Amino acid sequence: MAKTILDGNLVSKAIREDLKKRVDLLKEKNVTPCLATILVGDNPSSETYVKMKGNACAKIGMESIRIHLPENTSTEELLEKINELNENPKVHGILLQHPVPAHIDERLAFESISIKKDVDGVTSMGYGQTALGFGKYPACTPAAIMEIIRYYQIPIAGKHAVVVGRSPILGKPVSALLLNDDATVTTCHSKTTNLESILSQADIVVAAVGKPNFILGDWLKEGAVVLDAGYNKGNVGDVDYDSCYEKASAITPVPGGVGPVTISMLLKHTVIAAEEM
């Protein structure tokens, strides 16, 4: 059976080439799309992610503002900073890097981001709009998964999609997006019984469970499409790649699959926000 490697770097490149043209057009109107990132504390991984996002902005001509707040920042101080960015007309998108220190009310902070600037899809309003089918900025990893499916022209309508994971920024929204595109969706999680049996019926598998090499090829239906949104220590995903490759008709690698497209979707959402302001 012919295999398709769902190359996220290829998809990301196509998105960014299009975005660069759109950024150039906006600049002709004296508008430069701007993403503000907020980092609270000194988590090394978070610092790396924020730096990557800033570099990605620069490469397509966008601006980025990096706000680094100390570990002891209070919830009230963080909300004040977010409100400043909400009120700044030159800022089109706001990203609060997760996780924040434990003493901060993270959900309250997310909810304070203006829906017009919630380019990372973290507010409950944004999630609700996504579920109802008119959200402009879905959470970026679910948006990336859908973008890969569209790029490779993988049929969705009428297919049985199984999502393994139910997080509010990945499993739940990607289930909603697949459902909105006419898939029949089963959402599984840590308490699901007979997971192997459910996966054996899936035409499309989205792995978002946060456990390395968790999904095995023996569990899959012959010819399934596998989208691995996991990223674990050692550069491995949530599916056992080698065994799943044998059964799948198409599969994302880790790294180089969903990850690159996730950042590109953050840029795309920010550019859309700038176009609409």
Side-chain angles (χ1 to χ4, degrees), residues 11-39 49-67 78-98 106-148 150-151 168-170 173-174 176-177 180 260-277:
V11 180
S12 178
K13 181 182 178 184
I15 294 168
R16 296 188 194 200
E17 286 175 352
D18 173 66
L19 291 179
K20 191 173 187 315
K21 295 174 185 175
R22 291 162 68 173
V23 170
D24 289 342
L25 287 172
L26 283 166
K27 285 183 172 180
E28 290 176 7
K29 302 174 184 177
N30 295 317
V31 176
T32 301
C34 178
L35 173 68
T37 59
I38 307 171
L39 174 63
Y49 294 144
V50 167
K51 185 176 181 180
M52 287 171 58
K53 290 161 186 171
N55 290 341
C57 288
K59 286 179 181 177
I60 65 166
M62 288 174 53
E63 287 185 1
S64 61
I65 299 172
R66 183 185 175 192
I67 296 159
L78 177 56
L79 296 180
E80 184 178 340
K81 179 56 66 176
I82 291 172
N83 190 54
E84 286 178 18
L85 296 171
N86 284 337
E87 298 297 325
N88 185 341
K90 293 185 178 180
V91 171
H92 304 101
I94 300 170
L95 179 142
L96 173 60
Q97 184 64 44
H98 170 87
E106 183 177 80
R107 176 45 50 192
L108 184 60
F110 282 151
E111 297 299 345
S112 71
I113 297 172
S114 166
I115 188 63
K116 294 181 179 180
K117 301 187 180 186
D118 177 26
V119 293
D120 201 28
V122 296
T123 63
S124 58
M125 182 181 291
Y127 172 80
Q129 290 181 355
T130 294
L132 289 169
F134 62 90
K136 293 180 180 177
Y137 314 124
C140 291
T141 302
I145 290 167
M146 301 305 293
E147 196 77 10
I148 291 169
R150 282 190 288 269
Y151 183 89
I169 59 170
L170 182 43
V174 80
L177 290 169
N180 289 343
V261 188
T262 296
I263 294 179
S264 293
M265 294 311 295
L266 177 67
L267 304 182
K268 183 175 181 178
H269 292 168
T270 307
V271 170
I272 293 170
E275 289 171 338
E276 296 195 351
M277 280 190 184

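Residue numbers count from 1 along this sequence. None of the values given here were measured: they were computed from a predicted structure.
Met265 has its side chain within reach of Val261: a pair of non-hydrogen atoms, C-beta onward, lies under 4.5 Å apart. The closest side-chain heavy-atom distance from Val271 to Val23 is below 4.5 Å. Between Leu177 and Ile145 the shortest side-chain heavy-atom distance does not fall below 4.5 Å.
Atoms CG and NZ, from Asp18 and Lys13 in turn, are 14.0 Å apart once rounded to the nearest 0.5 Å. Rounding to the nearest 0.5 Å places CD1 of Ile263 at 9.5 Å from OG1 of Thr141. Rounded to the nearest 0.5 angstrom, Asp24 CG and Thr32 OG1 are separated by 10.0 Å. Atom CD1 of Ile67 sits about 5.0 Å away from atom NZ of Lys81, to the nearest 0.5 Å. To the nearest 0.5 Å, atoms SG (Cys34) and CD (Glu63) are separated by 5.5 Å. Between atom CG of residue Leu78 and atom CD of residue Glu80 there is a gap of 10.0 Å, rounded to the nearest 0.5 Å.
Within a 6.0 Å radius of CG in Leu85, other residues, nucleotides and ligands contribute more than 12 heavy atoms. Within 6.0 Å of atom CE in Met125, 12 or fewer heavy atoms from other residues, nucleotides or ligands are found, so the atom counts as exposed in its surroundings. Atom NZ of Lys27 is surrounded by more than 12 heavy atoms from other residues, nucleotides or ligands within 6.0 Å.
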Run the side chain to side chain contact (heavy atoms under 4.5 Å, CB included) test on Val122 and His98 for me, step by step, so that the C-alpha distance in whole Å, both residues' side-chain angles and the decisive distance to 0.1 Å come before the verdict.
CA-CA 10 Å; Val122 296; His98 170 87; over 6 Å; no

For Leu266 and Leu95, what are the C-alpha separation, side-chain angles and deciding distance, and is it a side chain to side chain contact (heavy atoms under 4.5 Å, CB included)?
CA-CA 9 Å; Leu266 177 67; Leu95 179 142; 3.6 Å; yes

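Considering Lys29, Arg22, His92 in turn, Arg22 is the only one that fulfils the side-chain hydrogen bond (donor to acceptor under 3.5 Å, both in side chains) rule with Glu275. Partner of Ser264 under the side-chain contact (heavy atoms from CB on, under 4.5 Å) criterion, chosen from Ile60, Leu19, Ile15: Ile15. Put simply, the residue from Ile38, Ile94, Thr37, Val91 that forms a side-chain contact (heavy atoms from CB on, under 4.5 Å) with Ile65 is Val91. If you run side-chain contact (heavy atoms from CB on, under 4.5 Å) between Cys140 and each of Leu170, Thr262, Val119, only Thr262 comes through.
Each ring pair (Phe, Tyr, Trp, His ring centres under 6.0 Å) pair with one or both residues in residues 120-145, not counting sequence neighbours, appears once here: Tyr137-His269. Contacts classified as salt bridge (charged side-chain N to carboxylate O under 4.0 Å, His left out) and involving residues 114-141 (residues at least two apart or in different chains) are given here: Lys136-Glu276.
Here the closest heavy-atom approach between residue Pro33 and residue Leu26 is recorded as CG-CD1, 3.6 Å. A pairwise comparison of heavy atoms in Ser112 and Asn86 identifies O-ND2, 2.8 Å as the closest pair. Contact between Pro260 and Ser12 at its shortest, heavy atoms only, is O-OG, 3.4 Å. Nearest heavy atoms, Thr130 versus Pro173: CG2-O, 4.5 Å.
With respect to the salt-bridge test (charged N to carboxylate O, under 4.0 angstrom), the residues Lys21 and Glu17 do not qualify.
Listed by chain and number, the residues in a salt bridge (charged side-chain N to carboxylate O under 4.0 Å, His left out) with Arg150 are Glu147 (sequence neighbours excluded).
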